Amino acid sequence: MIKNEISLSFFAKIGRSILINWPFKHIYKELQKARRLNTFRSRFVNMSVHDLGTPLSNIKLSIEICKMLLDNKPDQKKLDRVTEKLDHILAETDRISTMINALFEVNNSEDCRLPYLPDTVRFNDFIYSYLENYGREIVGERNLQISLFTDDAMVFIDPALMTSVIENIISNAVKYSPDDTPISIRTKDLHDHVLLEVRDLGIGISADDKPFLFQEFFRAKNVGKIPGSGLGLSIAKTYVEMNHGTIEIESIANKGTIVKITLAKLIE
């Protein structure tokens with residue numbers, strides 16, 4: 001009799017434990033899910049706000065150039081230049097619309113995923129097109145040295161995400177190096193991968209700061225009053241990894257920096 005009472009008491013305790021703990025475990029899991037989603041959404045908003053800055057700056061610059069060209073009696077060459085800049089403004093407006101749509105999509109999503117829309121593109125054509133349409137605007141009057149390999153290598157990437165990455169890396173190269181030094185951009189064929197290198201001769205990064213470069217909101221000690229959010233490299237790393245690539249930084253303080261982005265090549 002005592003044995004049966006002990007057994008019944010034991011199973012009663014287990015049953016009571018299940019009834020009490022299961023709902024709380026379920027609620028805990030749902031709270032954790034909501035917390036992850038809110039963190040993700042906050043991070044994506046930070047990324048988007050950071051990315052919106054460049055197209056808006058490009059639009060402002062293009063409008064200023066158009067105004068300057070039209071202030072004096074414009075010849076056909078100047079009018080063609082104005083048309084080119086207006087096309088640039090339209091393209092940048094489309095980019096902003098894409099970012100805003102992505103913000104709405106993320107805000108309404110039930111999972112923690114960034115929009116990822118990959119396509120098959122010719123790697124060098126993609127890099128060259130970006131440099132001609134946007135890169136030279138960022139570099140301005142700086143000496144831009146470009147060296148692209150001749151192979152028609154294909155990659156499977158999200159062009160919008162990788163455009164944001166390249167834009168960020170080139171902007172950093174310009175921002176953190178003297179105006180009288182060149183910005184070097186080159187691509188390499190690594191058999192089953194392709195490599196993009198962006199090199200500057202700027203302030204560089206100390207060995208102490210290197211381990212933290214991809215942390216959100218981290219800024220190196222030697223940046224001084226140079227403006228920045230500390231989000232750029234963190235965003236770049238996220239976007240590169242979404243495209244199944246890698247990003248590495250080689251740098252020496254007061255000597256310069258090389259950013260290397262490697263992507264898988266489509267092998268036919």
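Predicted model only: the values in this text are computed from it and were never measured. The analysis underlying the following values was restricted to heavy atoms, covering all of them including side chains, and did not include hydrogens, waters or symmetry mates.
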> Atom CG in Asn143, atom CG in Asp180: separation rounded to 0.5 Å?
Replying inline: 10.5 Å
> Listed by chain and number, what are the side-chain contact (heavy atoms from CB on, under 4.5 Å) partners of Asp75, not counting sequence neighbours?
Replying inline: Lys77, Lys78
>> Quick check against the 3.5 Å criterion: does Arg122 have a side-chain atom that pairs as donor or acceptor with the backbone of Met154?
In response: no
> Can you list the residues that meet the side-chain contact (heavy atoms from CB on, under 4.5 Å) rule with Asp158, with sequence neighbours excluded?
Replying inline: Tyr116, Leu117, Ala160, Leu161, Asn243
>> Rounded to the nearest 0.5 Å, what separates atom CG in Asp209 from atom CD in Gln215?
In response: 10.5 Å
> Looking at residues at least two apart in the chain, or sitting in another chain, which of them share a side-chain hydrogen bond (donor to acceptor under 3.5 Å, both in side chains) with Glu250?
Replying inline: Lys260
> Can we say Asp189 and Lys265 salt-bridge, meaning some charged N sits less than 4.0 Å from an Asp/Glu carboxylate O?
Replying inline: yes
>> Show, in sequence, the C-alpha distance, side-chain angles and deciding distance for Thr246 and Leu263, and conclude whether the side-chain contact (heavy atoms from CB on, under 4.5 Å) test is met.
In response: CA-CA 7 Å; Thr246 61; Leu263 297 166; over 6 Å; no
> Among all residues two or more places apart in sequence or in another chain, which pass the side-chain contact (heavy atoms from CB on, under 4.5 Å) test with Lys255?
Replying inline: Ile252
> Taking the side chain as C-beta and beyond, is there a heavy-atom pair between Val165 and Ile261 under 4.5 Å?
Replying inline: yes
>> If you apply the rule side-chain contact (heavy atoms from CB on, under 4.5 Å), what do you find for Glu167 with Tyr130, and how did you get there?
In response: CA-CA 9 Å; Glu167 200 160 70; Tyr130 171 79; 3.2 Å; yes
> Where do Ser164 and Asn168 land on the side-chain hydrogen bond (donor to acceptor under 3.5 Å, both in side chains) test, with the steps shown first?
Replying inline: CA-CA 6 Å; Ser164 178; Asn168 179 265; over 6 Å; no
> Do the side chains of Leu213 and Val174 join up, straight or via other hydrophobic residues, at under 4.5 Å, putting them in one cluster?
Replying inline: yes
>> With side-chain contact (heavy atoms from CB on, under 4.5 Å) as the criterion, how do Ile249 and Ile258 come out once you've worked through the C-alpha distance, each side chain's angles and the decisive distance to 0.1 Å?
In response: CA-CA 6 Å; Ile249 295 180; Ile258 305 173; over 6 Å; no
> Roughly how far, to the nearest 0.5 Å, is the CG atom of Asp192 from the CG atom of Leu190?
Replying inline: 8.0 Å
>> Test your reading of the model: is there a side-chain donor-acceptor pair from Thr181 to the backbone of Ser177, 3.5 Å cut-off?
In response: no
> Which atom names give the shortest non-hydrogen contact between Pro182 and Gln145, and what distance separates them?
Replying inline: CB-NE2, 3.7 Å
> When clusters are formed by joining ILVMFWY residues with side-chain heavy atoms under 4.5 Å apart, either directly or through shared neighbours, do Val223 and Ile169 land in the same one?
Replying inline: no
> OH of Tyr239 to CD1 of Ile247: how many Å apart, nearest 0.5 Å?
Replying inline: 13.0 Å
>> By the ring-ring contact (aromatic ring centres under 6.0 Å, His included) test, which pairs, at least two apart or in different chains, include something from residues 176-216?
In response: Phe212-Phe218
>> Closer than 3.5 angstrom, by distance alone: can the side chain of Asn124 be matched with the main-chain N or O of Phe149 as a donor-acceptor pair?
In response: yes
>> Are Pro159 and Val121 packed together at the side-chain level, in the sense that at least one heavy-atom pair is separated by less than 4.5 angstrom?
In response: yes
> Once you round to the nearest 0.5 Å, how far does OG1 of Thr187 lie from CZ of Phe126?
Replying inline: 12.5 Å
> Is there a path from Ile235 to Met242 through hydrophobic residues (I, L, V, M, F, W, Y) whose side chains come within less than 4.5 Å of each other?
Replying inline: yes
> If you measure from CG on Asp179 to CZ on Arg142, what distance do you get to the nearest 0.5 Å?
Replying inline: 5.5 Å
> Run the side-chain contact (heavy atoms from CB on, under 4.5 Å) check on Phe123 and Leu148 step by step: do they pass?
Replying inline: CA-CA 10 Å; Phe123 182 64; Leu148 308 181; over 6 Å; no
>> Could you check whether any side-chain heavy atom of Ile146 comes within less than 4.5 Å of a side-chain heavy atom of Arg136, counting everything from C-beta outward?
In response: yes
Return all side-chain donor-acceptor pairs below 3.5 angstrom for residues 195-203, not counting sequence neighbours, or 'none' if the list is empty.
residue, atom, partner, partner atom, Å
Glu197, OE1, Arg186, NE, 2.9
Glu197, OE1, Arg186, NH2, 3.2
Asp200, OD1, Gly202, N, 2.8

>> For the backbone of Gly204 and the side chain of Asn222, can you confirm whether one donor and one acceptor N or O come within less than 3.5 Å of each other?
In response: yes
>> Any non-hydrogen side-chain atom of Val194 less than 4.5 Å from a side-chain atom of Thr262?
In response: no
> Do you know which two heavy atoms are closest between Ser251 and Thr257, and how far apart they sit?
Replying inline: OG-OG1, 2.8 Å
>> Under 4.5 Å between side-chain heavy atoms, counting indirect links through other Ile/Leu/Val/Met/Phe/Trp/Tyr residues: same cluster for Leu144 and Ile138 or not?
In response: yes
